[in-house]
Amino acid sequence: MDQDGPGRRRRRRRQHRRSGEDFISSLPDEILRSILLRLGSVRAAASTSVLSRRWRHVWAHLPELVSVNNTGHDHDVRPLLDTVDAALAAYADPTLEALVVVLSTAYADGLGGVIVTARRVAPWLRFAAERVAGELVVFEPPPMMPPSYVPELELPACPRAKTIALRIDTFWRLPVVKPPSGVFVFTALTSLTMFMGTMAGGEVTDLVSTRCPCLRNLRLCLTIVNDHDVSIRSVSLHTMSLRLWGTRRLEVVAASLENLYLCNTIDEVCISAPKLAEIAWCGDAYYPCRCNFDGLGRCLRLLDIDIGAGSVVASLMQRFDQVDELKLAISIARVCC
Amino acid sequence: MEVDKGKGEAEETRKVAEADRDTVTLKSSDGKLFEVSKEAAARLSTVLAGMIAGGSIDDNGTDLKQIGSEALENVVDYCNKHANSIPSAALISSSISFNTAPFKEPEEWERKFVDRLSHDALFDLVEAANFLGMERLLDVTCHKISEMMKGKSPDQIREVFNIKNDYTKEELEEIRQELAWAFYDD
């Protein structure tokens, strides 16, 4: 939005407008972009190029490129992928505030296999690494069938991105760093969400503990492979939601962490988070001997437990003396005689 | 430079009186005066907020030479309506977030407010909002203009906004080919 005050964009004052005059074309670029952005479609915005010379390149400097397709029709998917490719190729500004590509899950099988998708996504992520300064969101539909081969993708090294949210079924690799640039750091990143992918435990540890110095919100829903231990050490984290399959041991050392959602798919959990006030626990089991809340008092603001059929998790309640709010989800099996 | 002391004191007194009032007076390019809630003006316009904070508000009407009386009347009307409406989530900035709606939609009264405007008045208001740094009003007016474009062919858009096509036939064909992806269902 134009916050530069009255001087900068002052234009010819029309005391008396005449009907039939083209008012819109004389608006400043920022406002035209703001109008095009509200069309909610990159294609619609780009098609204004043909209106007149004035409009030729306005769309190519939009602050946000958003492609959200939720019609649920298979035949809309490929054009949408093509649209994203073409829009990124034609985009003219060095900085993009937001790149948002969301494919709804309704047509998961319309993509012709996850391998194609990962390959198609790779150039978008490279583009994002160079230009995205705010928000990067790429949500692919989950595959109908578990893929026989999981393609690799490099996590986009976006030093300027504040939010990254990815739902892509891929084997994530950390960005390869070439000397002399040293260790790559997500300097501006405050919120990271990764759904559906696979990652090595050591790389998750490296990513969260050493490369995201101001990360506040972390949501991971990943399959952990190779080294099965994950260690999260962060002074900036406030909220964390983890659903990690295949993890043997999870260690969390987070001085500012207040809110934890943990789906217990992990053999051994060791959490050191003295400010923890809200815990949501999901999964069949909580074994006090295998889960350690180090340095945490016996009071909580919220305890949200999903007691599965196993019901061992109820013993988590015994860990605390006082809870302001308790939420219990209980499954009771119906017994048919 | 010699300063007229008496005048300076009067100026001071006037400024104090001004600071005590809860409205400010704005003067359009054609000399008409409008009263607006000081709180709303400061909240909704970065430029007016700066003038109020900097003491450059004139009791007899702060000159806004860039804005005609019809547009200023709409600006003032909008500010005063805003002062009386309950603040809501719609005031939150319009930035896209993946778990929220792309834009905070205009509220019902804001929609009605811009819907009743003539084509000319709408564009005068956009310019005034831009001049005064009124982000929310710009959002609302830009939303209205984009609604006027939505679902229309380039020809229809040109007609609605009186845009003159200054391309040659060849240029137009070239752009259409270059941006074929944007026209695939035309």
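Note that this is a predicted model, so its numbers are computed, not measured. Here is the naming used below: chain letters follow the sequence lines, and residue numbers restart at 1 for every chain.
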Checklist outcome for this item: All heavy atoms of A:Ala46 vs all of B:Trp181, minimum pair found to be CB-CH2, 3.5 Å
Item to check | Selection from A:Ser52, A:Ser25, A:Ser41 maximising heavy-atom pairs under 4.5 Å formed with chain B | outcome: A:Ser52
Next on the checklist: Quick check on the interface: out of B:Lys144, B:Lys150, B:Glu70, who has the most heavy-atom pairs with chain A under 4.5 Å?
Outcome noted: B:Lys150
Next on the checklist: Using a 6.0 Å cut-off, check whether atom CZ of A:Arg216 has over 12 heavy atoms from anything other than its own residue.
Outcome noted: no
Next on the checklist: As an exercise, state the distance from CG of A:Leu32 to OG of B:Ser146, rounded to the nearest 0.5 Å.
Outcome noted: 12.0 Å
Item to check | Between OG1 on residue A:Thr48 and CE on residue B:Met149, distance to nearest 0.5 Å | outcome: 6.0 Å
Checklist entry - At a heavy-atom separation under 4.5 Å, does A:Ala45 approach chain B through its side chain, its backbone, both, or neither? => result neither
Item to check | Between NE2 on residue B:His143 and OG on residue A:Ser34, distance to nearest 0.5 Å | outcome: 11.5 Å
Checklist entry - What distance separates A:Ile35 CD1 from B:Leu138 CG, expressed to the nearest 0.5 Å? => result 9.0 Å
Checklist outcome for this item: What one should report as the nearest heavy-atom pair of B:Pro154 and A:Leu51 is O-CD2, 3.5 Å
Checklist outcome for this item: Taking every heavy atom of B:Tyr167 against every heavy atom of A:Ser49, the minimum-distance pair comes out as OH-O, 2.7 Å
Item to check | side chain to side chain contact (heavy atoms under 4.5 Å, CB included) evaluation trace for B:Ile157 with A:Trp55 | outcome: CA-CA 12 Å; B:Ile157 293 174; A:Trp55 291 80; over 6 Å; no
Next on the checklist: Are more than 12 heavy atoms, taken from residues, nucleotides or ligands other than B:Glu171, located less than 6.0 Å from that residue's CD atom?
Outcome noted: yes
Checklist entry - In terms of heavy-atom proximity below 4.5 Å to chain B, should A:Ala44 be classed as side chain, backbone, both, or neither? => result neither
Checklist entry - Is there side-chain contact between B:Asp139 and A:Arg38, with heavy atoms separated by less than 4.5 Å? => result yes
Checklist entry - If you count heavy-atom pairs under 4.5 Å between each of B:Leu132, B:Asp166, B:Leu122 and chain A, which one has the most? => result B:Asp166
Item to check | Derivation of the side chain to side chain contact (heavy atoms under 4.5 Å, CB included) call for A:Val50 and B:Phe183 | outcome: CA-CA 11 Å; A:Val50 298; B:Phe183 296 98; 3.6 Å; yes
Next on the checklist: With a 4.0 Å cut-off on N to O distance, would you call A:Asp22 and B:Arg158 a salt bridge?
Outcome noted: no
Item to check | chain A contact via B:Glu147 - side chain, backbone, both or neither, heavy atoms under 4.5 Å | outcome: neither
Checklist entry - How far apart are the C-alpha atoms of B:Cys142 and A:Ile31, what are their side-chain angles, what is the distance that settles it, and do they pass the side chain to side chain contact (heavy atoms under 4.5 Å, CB included) test? => result CA-CA 7 Å; B:Cys142 286; A:Ile31 294 184; 3.8 Å; yes
Item to check | Options A:Glu97, A:Arg56, A:Arg54, ranked by heavy-atom pairs under 4.5 Å with chain B, top entry | outcome: A:Arg56
Item to check | Student check: side-chain heavy atoms of B:Leu179 and A:Trp59 closer than 4.5 Å | outcome: yes
Next on the checklist: Using every non-hydrogen atom in the two residues, find where B:Thr168 and A:Arg53 come nearest and quote the distance to one decimal.
Outcome noted: N-NH2, 4.3 Å
Next on the checklist: Tell me if the CD atom of B:Glu174 is crowded by more than 12 foreign heavy atoms within 6.0 Å.
Outcome noted: no
Item to check | Choice from B:Asp155, B:Asn165, B:Ile163 maximising heavy atom contacts with chain A below 4.5 Å | outcome: B:Ile163
